[in-house]
Amino acid sequence: MPELSHLQALESESIHIMREVVGEFRNPVMLYSVGKDSSVMLHLARKAFYPGKLPFSLLHVDTGYKFKEMYEFRDNYCREVGADLIVSKNEAAIASGMNPKEFGVARCCGALKTEGLLNALEKGGYDAAFGGARRDEERSRAKERVFSIRDEFGQWDPKNQRPELWDNYNGRIHEGESARIFPISNWTEMDIWTYIRDENIPIVPLYFAKERLMVERGNLLIPVEDESLLIPGEKPKMIMSRFRTLGCSPCTGAVRSDATTMDEIIAEAGAAKRSERETRIIDHGSNSMEDKKKEGYF
Amino acid sequence: MAHQEIQLLRLATVGSVDDGKSTLIGRLLFDTKGAFEDQLHAVRKQKGKEGISSGKDIDLAMLTDGLQAEREQGITIDVAYRYFSTPKRKFIMADCPGHEQYTRNAITGASTANVAVILLDARKGILPQTRRHTHIVSLLGIPHLVVAINKMDLVDYDQQTFESIRDDLRAYCAEQGIQDLICIPVSALEGDMVVKRGDKMPWYEGNTVLNTLEKIEVSNHITEQDMRFPVQLVVRPQSEEYHDYRGFAGRIASGSMHVGDDVVALPSGKSSKIKEITTFDGNLQSAFAPQSVTVVLEDEIDLSRGDMLVPKAALPTSTKQLTAMICWMGEEPLQKRKKYLLKNNSNTVKVMVDEIVSRTNIQTLEGESGVDTLAVNDIGQVSFKLMQEMHVDDYKVIRATGSVIVIDSFSNATVGAGMIQLN
């Protein structure tokens, strides 16, 4: 008898999850961060509801610190696939001049991302939000359910998670509660890259290697988008590099790389000795991912 | 879509930290490069020491226990999912807690597995917890069981010790109805028989743990069962191009379907034929479990979320009375006469507990009758009265339509897992 390849099996699982959410929840939304995982999640959603349109909007929680290429890509791609995009910013925090250099990375992320997200979810009245987090990324994410129930403050209680049996998802929640849904939980970084190649999914050009203006900060290569965020004494220089993950420009490190094609990226991901989250400054503070997730971070 | 043909294997490991489970998993991840250097570096035993040359240099339990509470207490509370691959297979590993208190989390992790790996300590042999873990494997109908008899280094790699435990296990698993049992002598700490054979147990002729997992024949019998297609959503684009399109989106739970097949819609009982199998990548002539597709029928019949398409020649059982083995997971005990919800695939039905037929004694694993409740982590046979008909199969025959979750309609919590038994 026929059998699905592992990527086909993962694809079918993700589609099943998305359709269950639309069946069980009143007002779902898909978090769209413009990164590679979001690109795959959006592609899977287009498959799930084909030939219909996406039955939910995309929500980009914009910190204002994303790369220029990300904004361009976001607007073009959403227009191309006919997705309804909502951009939400924590205007109050942005107006107060929130930035990672003066206030610290944890506070800046807390205000612009976590608070920005919680405000946007509340404002939209969403009872379910899809996120592109994967279990292989980080050890507390390895513990998360596919349907992750949050209290009215958006908080995660990791010691008291709802049992999740077979493919029978329970989407029932109380008024005020919401659910975070992780349809690509079981995909690994390698699966994502291979699928992007096989399906020809468009991604932000920052993932491909190019000579870029960078400063070296500790073990990290930090791109220079805004000279005012440099630490005194830092000297920017052109370095052949690319990004394994994309976040905010002041806080996302690049890696030295010559990979300019999908095959070269896949070869690099296969040989990588260090995890992709290593280039995310937010993961390195004393405040762990688990703490941030408990507060409402994705 | 042309993807490389690598098979996906879902496995669940069950055992306590004391059995060396974290060490075994850490060893698998370490030796298959399933963990990255920076992740390993964060859990090395001696801070400041740079090189990590073997699994002994790192605290492997710190790698797998992802929650602060787990690391503080030195126990696994909830399932952690881990991923590794070899050129032959891609593995999704659900690392399940072994303590009785967290049985419900172990069942969460084990419910989707094709293969279970149970650990036991060679010095201690079969313990009550081994029986409990084996019973869960048998109850969930996981087709293959691998038992890693660990800490062989502490019994001088003694062949007799291994064989005596293996023979006891064989007898016990036969009683439990477990078909395929593979026992492997292991020293997770030293690495013997996990990924590499080592040179301490030349008397053992079987495969290592990793080799076993790579070679286990995962029979793909799900596609050979009767076709079941639970409808998740109705797709009506109402666009110019698809003006009259009305498709039924779902994942084929079992069996296969072909354009032209005679099908029956449940609960309406109306018949039709499959006209089209739509996917984003083009229409298909046939499709099989577990593919996600959208089906168009020849006739306009009543069909929506919660309903099911089945072959005319092989109907499921339609019933308002169900008996199931229930693993109770609710903090509040299961009560007779109380109303709950049963959910199977996209269908949710209101039910009342009719009778608690028996409760499994976890020491003897025998059913005890005359009980009037099931407490958290209890397992028992329960019969329900249903408000509407459900269309089900026996769990042992078709897992997807033979399994239900029990939901408390007041708390909304998932309070039980049920495996349907039809006579």
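In what follows, every chain begins at residue 1, and chains take the letters A, B, ... in the order their sequences are listed. Everything quoted here is computed from the prediction, not taken from an experiment.
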Of B:Asp408, B:Ile405, B:Val406, the one forming a side-chain contact (heavy atoms from CB on, under 4.5 Å) with B:Thr414 is B:Ile405

Less than 4.5 Å to any heavy atom of chain B: does that hold for the side chain of [X], its backbone, both, or neither?
X: A:Arg19; value: both
X: A:Ser140; value: both
X: A:Ser14; value: neither
X: A:Ile173; value: backbone
X: A:Arg46; value: both
X: A:Glu177; value: neither

Verify whether one side chain among B:Asn377 and B:Gln101 offers a donor that lies under 3.5 Å from an acceptor in the other. no

Going by the salt bridge (charged side-chain N to carboxylate O under 4.0 Å, His left out) test, name the single residue among A:Arg162, A:Lys143, A:Arg145 that passes it with B:Asp78. A:Arg145

Between chain B and each of [options], count heavy-atom pairs under 4.5 Å; write down the option with the most.
options: A:Thr188, A:Ile149, A:Asn200, A:Asn170; value: A:Asn170
options: A:Ser12, A:Ala9, A:Gly171; value: A:Ser12
options: A:Glu164, A:Glu20, A:Met190, A:Lys53; value: A:Glu20

Salt-bridge criterion met for [X] and [Y] (N-O under 4.0 Å):
X: A:Glu264; Y: A:Arg242; answer: no
X: A:Lys47; Y: B:Asp281; answer: yes
X: B:Glu331; Y: B:Arg104; answer: yes
X: A:Arg141; Y: A:Asp136; answer: no
X: A:Arg244; Y: A:Glu189; answer: yes

If only atom types and distance count, is the side chain of B:Tyr395 paired as donor or acceptor with the main-chain N or O of B:Leu140 below 3.5 Å? yes

Any side-chain to backbone donor/acceptor pair from A:Gln8 onto A:Ser5? Under 3.5 Å, distance only. yes

A:Trp187 and its ring pair (Phe, Tyr, Trp, His ring centres under 6.0 Å) partner, picked from A:Tyr195, A:Trp193, A:Phe182: A:Tyr195

For [X], is it the side chain, the backbone, both, or neither that has a heavy atom closer than 4.5 Å to a heavy atom of chain A?
X: B:Ser403; result: both
X: B:Ile107; result: both
X: B:Val415; result: neither
X: B:Tyr242; result: side chain
X: B:Phe410; result: backbone
X: B:Arg399; result: side chain
X: B:Val235; result: side chain
X: B:Lys90; result: side chain
X: B:Ala249; result: both

For chain A, which candidate among [options] shows the most heavy-atom pairs at distances under 4.5 Å?
options: B:Ser111, B:Pro237, B:Ala413; result: B:Ser111
options: B:Thr112, B:Asn344, B:Ile407; result: B:Ile407
options: B:Thr348, B:Ile92, B:Ile77; result: B:Ile92

Name the orientation class of the two ring planes belonging to A:Phe147 and A:Tyr169 (parallel below 30°, tilted from 30 to 60°, perpendicular beyond 60°). parallel

side-chain hydrogen bond (donor to acceptor under 3.5 Å, both in side chains) assessment of A:Ser257 paired with A:Glu268: CA-CA 8 Å; A:Ser257 168; A:Glu268 221 179 75; 2.6 Å; yes

